[in-house]
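Some notes on the structure that comes next.
Each ligand, and each atom within it, is numbered from 1 in the order the structure gives.
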Amino acid sequence: MRSILFNAGPAALPEAVLHQAAQAMIDIPGEGQSIAEISHRSRFFENVLDEFKQLFRNLLHIPESHDILIVQGGARLQFALIPLNFLPANKTAAFIDSGYWAHTAMEYASFGNQTECIASSKTQYYRQLPDFDPKKINKQLHAYLYLCSNNTIYGTQYHTFPQVDIPLIIDMSSDILSKPINFTHIDLAFACAQKNIGPAGFSVVIVKKSFLETAQTQLAPALSYKHQAAKHSNDVTNPIIAIYTALLNLRHLHDTGGVAAAQERNSQKAHSLYTELDRNSLFNAPVNPTDRSQMNVCFFAKQEQHHQAFLTYCQTQNIKGIQGHIQAGGFRASLYNAVTQEMVNELIAALRDFEKEHA
Ligand code: PMP
C-alpha cells in the first residue's frame, strides 16, 4: 500500500507517472532498451530534452526572451555557479535572507566574493518575509538581488516579488510549477528537480538571454551557463532517468489542466489545512498569515508531549514525512502538486481525531 506522503523533497510523484517510469526502466516503448541504458546522444534523449524544454516553457508561459537550461546537480550547485557566472570581482551580490536556503546561498556566494545581506527575518525566526527597502539597492555596487521564492524549511512564500532595477535572481526550488509566474522581470530563476519537477539529480535554470550575455566567459565549460545554453543542455552526461521521469511528470501536469489548475488545487489544499490548524486547540501554525506558504505548511504542537505522540499517531494512519526540518522543529506538511486534496483530508482527519483523544 502506498503511504500518504508529505515529504519535503524528494517528494511525492503521481502514481501514474511512477508506473510509466517503471515500465521504461525495463523497456522504453519502441526502443528495445531501458531508460538506464540509453545514450544521452541518442535521438530518443535529444527528443526528451526538446519536449521537456518546450513543455516547461508552455506550462509556465516562459517568454522567448528567456532560455531554459537543464543542468546536472541540485540547487546548491547553482548557489555556487551563479556567482561564478554573474558576480564580477568589483561588484557585490545583494541577498534577502528569508531563511535557511537563502542564507546558505549567501554563504556559498561568499567564497571569494563580496556579498551583502540587505534584509533578513532571522530575528523573527523566519516566520515572516523580511522587510525589504528597495533604497538599499545600489546600482553601481550590486550585481544582482538574490531571493528565495518559497522558504521550504520555515514555511513562508513570496506571493509577489519586489521590483528592482538591477538583475533579479530567484531560487524557485520549492514552488516552481505550483502557480503561474510572470518571468518578464526575472533575470534568472532556478529550481532543483526533487519537488514539483521530478526525481532528484538535476536542476532547471530559466535565464534571460540578455542577462546570459553578461556571464563570465573564463570558466570551465561544465561550470558555464553560457556553454550549457550553446550546447542545448546536452554536453555533460545528464541524469537520464531523472529527466525522463520528470518529462512524464510534466506531461501529467499538462494533462491535468496545467499550472493554473494546479494552483487552484494547491490553494484549496493549503487553505483547508491552515483552516484546521487555526481551529485546532492542540496545534498552531505560527507563520504570519499573509506570508504563509502554499507548498510547505509548518506547524507545532502547543504542548511538548503531543509532538512525538502525534508523529506516532500519524504512523498508525500511514501518514509519512510530516516531521519538521531539524532547523525549524515542529511539523511540516509539504503540499506539492502530486499531493491530492484527499491526502490532505487524511491529515486533517488525523489532526481532528488526535484532538478528540488528547484535548
Ligand atoms: N533551495 C531550496 C528552496 C530548497 O528547498 C532546497 C532543498 N531541496 C535547496 C535549495 C537545496 O537543494 P539541493 O539539495 O538540491 O542542493
Quiz item: Is the side chain of S121 donor-acceptor paired with the backbone N or O of Q124 at a distance under 3.5 Å, no angle test?
Solution: no
Quiz item: Judged by non-hydrogen atoms, does M172 sit under 4.0 Å from ligand 1?
Solution: no
Quiz item: Is K226 salt-bridged to D67, cutoff N-O under 4.0 Å?
Solution: no
Quiz item: Any ion pair linking R41 and E46 (charged N to carboxylate O, less than 4.0 Å)?
Solution: no
Exercise. Classify the ring geometry between Y158 and F161 as parallel (under 30°), tilted (30 to 60°) or perpendicular (over 60°).
Key: tilted
Self-check item: side chain to side chain contact (heavy atoms under 4.5 Å, CB included) partner of M172, the single match among I181, L177, N150, L60
Solution: I181
Quiz item: Near T152, which atoms of ligand 1 are under 4.0 Å from a heavy atom of that residue?
Solution: 2 (C), 3 (C), 4 (C), 5 (O)
Quiz prompt | Numbered atoms and elements of ligand 1 in range of C192, under 4.0 angstrom, heavy atoms | solution = 8 (N), 12 (O), 15 (O)
Quiz item: To which protein heavy atom is atom 14 (O) of ligand 1 closest, and what is the distance rounded to 0.1 Å?
Solution: R76 NH2, 2.6 Å
Quiz item: Which atoms form the tightest heavy-atom contact between S174 and Y336, and what is the distance?
Solution: O-CE2, 3.4 Å
Practice problem: Would you mind checking if K136 and E116 are paired as a salt bridge, meaning a charged N to carboxylate O distance below 4.0 Å? | Solution: no
Practice problem: Tell me which part of A75 gets within contact of ligand 1: side chain, backbone, both or neither, using heavy atoms under 4.0 Å. | Solution: both
Exercise. Determine, using heavy atoms of K195 and all atoms of ligand 1, whether some pair is separated by less than 4.0 Å.
Key: yes
Quiz item: Do any nitrogen or oxygen atoms of S174 come within less than 3.5 Å of a nitrogen or oxygen of ligand 1?
Solution: no
Self-check item: Atom indices of ligand 1 within 4.0 angstrom of D171 heavy atoms, with elements
Solution: 1 (N), 2 (C), 3 (C), 10 (C)
Self-check item: ligand 1 to N150 polar contact by distance, N or O atoms, under 3.5 Å
Solution: no
Quiz item: Does ligand 1 have a heavy atom under 4.0 Å from the side chain of C148, from its backbone, from both, or from neither?
Solution: side chain
Practice problem: Tell me which protein heavy atom sits closest to atom 6 (C) of ligand 1, plus the residue, atom name and distance to 0.1 Å. | Solution: W101 CE2, 3.3 Å
Quiz item: So, E264 and K269, do they make that salt bridge, N to O below 4.0 Å?
Solution: no
